[in-house]
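In what follows, a single structure is set out as structure tokens and then discussed.
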Amino acid sequence: MRKTKLQNNSEIYCLSSLEAQMLSKHIDGYLDDFINIEEGDVVVDVGANIGMLGFTLSEKFKNIEILSFEPIKEIYDILESNAKLSKNYKFKTYNVGLSNTNRKANFTYYPYMPSLSNSNPKIWENHTDLVKAVKGSLNEAPSNWWWSKMIPQFLFPLIVRFLTRNKKDVICYLKTLSTIIKENKIKKIDLLKIDCEGNELDVIEGIEEVNWDIIKQIVVEVHDIDNRLFYIQDLLRNKGYNLKVEQEPSLKDIKLFNVFAAH
């Protein structure tokens with residue numbers, strides 16, 4: 001199991017060093033002034049990947065509870081190791097994904113780019129979007145990626161082909177958030193973060209009406225398929241949240257948005 005060093009000199013376990021460094025920057029984008037996190041808060045991390053959010057928050061706060069959910073076993077093993085590495089005994093991990101029903105589902109796992117892994121086969125079928133994502137990521141790369149500006153654009157499709165090779169089909173378990181709340185007797189959720197590669201609407205639809213009152217803040221990455229961005233914004237406004245919508249600079253050329261919601 002390898003480790004990589006982040007820009008703040010912390011070390012974290014990972015499957016891909018470059019992806020972990022980019023994930024660190026991605027997570028920083030979630031923690032902006034619109035979202036308020038304090039000591040003693042409870043954070044539910046849906047689509048935790050290797051646990052970058054939980055690890056980052058465990059460094060920032062002495063007393064914070066993280067419940068992290070990752071359905072793919074190969075990625076979950078890294079998440080579990082990072083939870084232990086954080087030395088935050090309230091950083092809990094679960095080898096399960098979230099959706100609108102309790103069931104098993106087929107996932108596609110990309111070993112060379114784990115963050116692309118998903119149960120929605122159409123989400124990254126368009127390699128043009130992946131090429132744009134690679135271009136944006138290199139243009140907005142961490143400052144220590146001095147080499148990123150030197151890569152010619154004609155190589156971007158080859159990079160995508162490299163990152164998506166040797167994909168695997170795996171079967172994973174899924175539960176609804178309301179099931180998780182009941183099983184773990186969760187009394188409050190100060191931040192619900194959802195980043196699950198096209199299945200964000202299923203996660204939201206898995207929240208029963210009785211549970212919405214305990215969810216104070218939400219950050220959700222939305223793939224704007226079939227007007228999904230408008231639908232999710234409308235749903236959250238009707239639940240009483242104030243909203244902010246942003247596109248990360250690295251993703252400005254594809255229909256991928258961060259929706260921030262707070263009471």
Side-chain angles (χ1 to χ4, degrees), residues 15-16 19 22-23 26-27 29-30 44-50 52-53 68-76 79 94-137 160 163-165 167-177 180 192-207 218-236 243 245-248 250-261:
L15 289 161
S16 163
E19 182 185 73
M22 185 57 74
L23 279 174
H26 181 61
I27 290 299
Y30 286 160
V44 173
D45 185 0
V46 181
N49 199 284
I50 62 171
M52 189 64 71
L53 177 63
S68 294
F69 298 87
E70 173 53 50
I72 297 174
K73 185 63 167 57
E74 287 87 344
I75 304 174
Y76 171 79
L79 165 63
Y94 303 84
N95 187 198
V96 65
L98 269 64
S99 190
N100 53 0
T101 60
N102 300 329
R103 67 184 191 277
K104 293 180 182 179
N106 293 318
F107 276 70
T108 301
Y109 168 55
Y110 294 93
Y112 295 97
M113 193 65 173
S115 62
L116 294 180
S117 305
N118 66 85
S119 64
N120 187 342
K122 293 184 179 180
I123 200 68
W124 291 120
E125 276 185 352
N126 184 350
H127 273 207
T128 301
D129 280 347
L130 278 177
V131 170
K132 291 177 180 177
V134 167
K135 177 183 176 182
S137 295
V160 168
L163 294 175
T164 56
R165 76 192 195 282
K167 63 183 181 181
K168 303 177 184 177
D169 292 328
V170 295
I171 296 176
C172 301
Y173 289 95
L174 301 174
K175 293 183 178 181
T176 68
L177 180 56
I180 295 295
L192 169 62
K193 170 254 181 182
I194 305 171
D195 182 354
C196 50
E197 300 305 307
N199 292 311
E200 57 275 358
L201 184 55
D202 287 348
V203 175
I204 291 171
E205 290 177 343
I207 304 172
I218 302 170
V219 178
V220 53
E221 183 182 83
V222 178
H223 292 253
D224 192 18
I225 303 166
D226 300 327
N227 212 25
R228 183 182 296 173
L229 178 63
F230 174 81
Y231 179 85
I232 288 178
Q233 288 182 85
D234 191 53
L235 185 154
L236 293 176
L243 301 183
V245 179
E246 285 187 348
Q247 266 192 304
E248 294 183 30
S250 62
L251 301 172
K252 64 183 180 180
D253 292 329
I254 57 179
K255 292 185 175 182
L256 196 60
F257 299 84
N258 289 333
V259 176
F260 300 80

Practice item. Give the intermediate values and the outcome of side chain to side chain contact (heavy atoms under 4.5 Å, CB included) for residues Glu221 and Lys193. Key: CA-CA 8 Å; Glu221 183 182 83; Lys193 170 254 181 182; over 6 Å; no

Review point. Crowded around Ile171 CD1? As in, over 12 foreign heavy atoms under 6.0 Å?
Key: no

Check your understanding: Can you name the closest pair of heavy atoms from Val170 and Tyr109 and give their distance?
Key -> CG2-CB, 4.4 Å

**Study point:** Heavy-atom closest contact (Ser117 atom, Tyr110 atom, distance)
**Key:** OG-N, 3.0 Å

Review point. From Leu192 CG over to Ile218 CD1, what is the distance, rounded to the nearest 0.5 angstrom?
Key: 5.5 Å

Study note, to complete from the structure: Closest non-hydrogen contact found for Leu15 with Pro114 is CD1-CG, 3.6 Å

Exercise for review: Under the ring-ring contact (aromatic ring centres under 6.0 Å, His included) rule, collect the residues that match up with Tyr30, sequence neighbours excluded.
Suggested key: His26

Study note, to complete from the structure: dist Met113:CE -> Met22:CE (nearest 0.5 Å) comes out at 8.0 Å

Study note, to complete from the structure: dist Asp45:CG -> Ile194:CD1 (nearest 0.5 Å) comes out at 10.0 Å

Review point. Taking side chain as C-beta onward, heavy atoms only, is Asp169 less than 4.5 Å from Asn106?
Key: no

Exercise for review: Show the numbers, then the answer: is there a side chain to side chain contact (heavy atoms under 4.5 Å, CB included) between Val44 and Phe69?
Suggested key: CA-CA 8 Å; Val44 173; Phe69 298 87; 3.8 Å; yes

Exercise for review: Report yes if some heavy atom in the side chain of Leu174 is under 4.5 Å from a heavy atom in the side chain of Leu98; otherwise report no.
Suggested key: no

Practice item. Give the intermediate values and the outcome of side chain to side chain contact (heavy atoms under 4.5 Å, CB included) for residues Glu19 and Asn49. Key: CA-CA 11 Å; Glu19 182 185 73; Asn49 199 284; 4.2 Å; yes

Exercise for review: Mark yes or no for whether Asp224, through its side chain, and Leu229, through its backbone, hold a donor-acceptor pair below 3.5 Å.
Suggested key: yes

**Study point:** Working for side chain to side chain contact (heavy atoms under 4.5 Å, CB included), residues Leu201 and Ile232
**Key:** CA-CA 7 Å; Leu201 184 55; Ile232 288 178; 4.0 Å; yes

Review point. When rounded to the nearest 0.5 angstrom, what is the spacing between SG in Cys196 and NE2 in His223?
Key: 8.0 Å

**Study point:** Euclidean distance, Ile50 CD1 relative to Ser115 OG, rounded to 0.5 Å
**Key:** 9.5 Å

Check your understanding: With Phe230, which residues qualify under side-chain contact (heavy atoms from CB on, under 4.5 Å), at least two apart?
Key -> Asn227

Practice item. Verify, without hydrogens or angle tests, whether Glu200 (side chain) and Gly198 (backbone) share a donor-acceptor contact under 3.5 angstrom. Key: yes

Study note, to complete from the structure: In short, Leu243 meets Ala261 closest at the heavy-atom pair CD2-CB, 3.5 Å

Review point. What is the minimum heavy-atom distance between Asn95 and Pro71, and which atoms define it?
Key: ND2-O, 3.1 Å

**Study point:** Ile225 CD1 to Leu256 CG distance, which is reported to the nearest 0.5 Å
**Key:** 9.5 Å

Review point. Of all heavy-atom pairs between Ile254 and Asp129, which one has the smallest distance, and what is that distance?
Key: CG2-OD1, 3.6 Å

**Study point:** Validation row: Ile72, Cys172 side chains within 4.5 angstrom (heavy atoms)
**Key:** yes

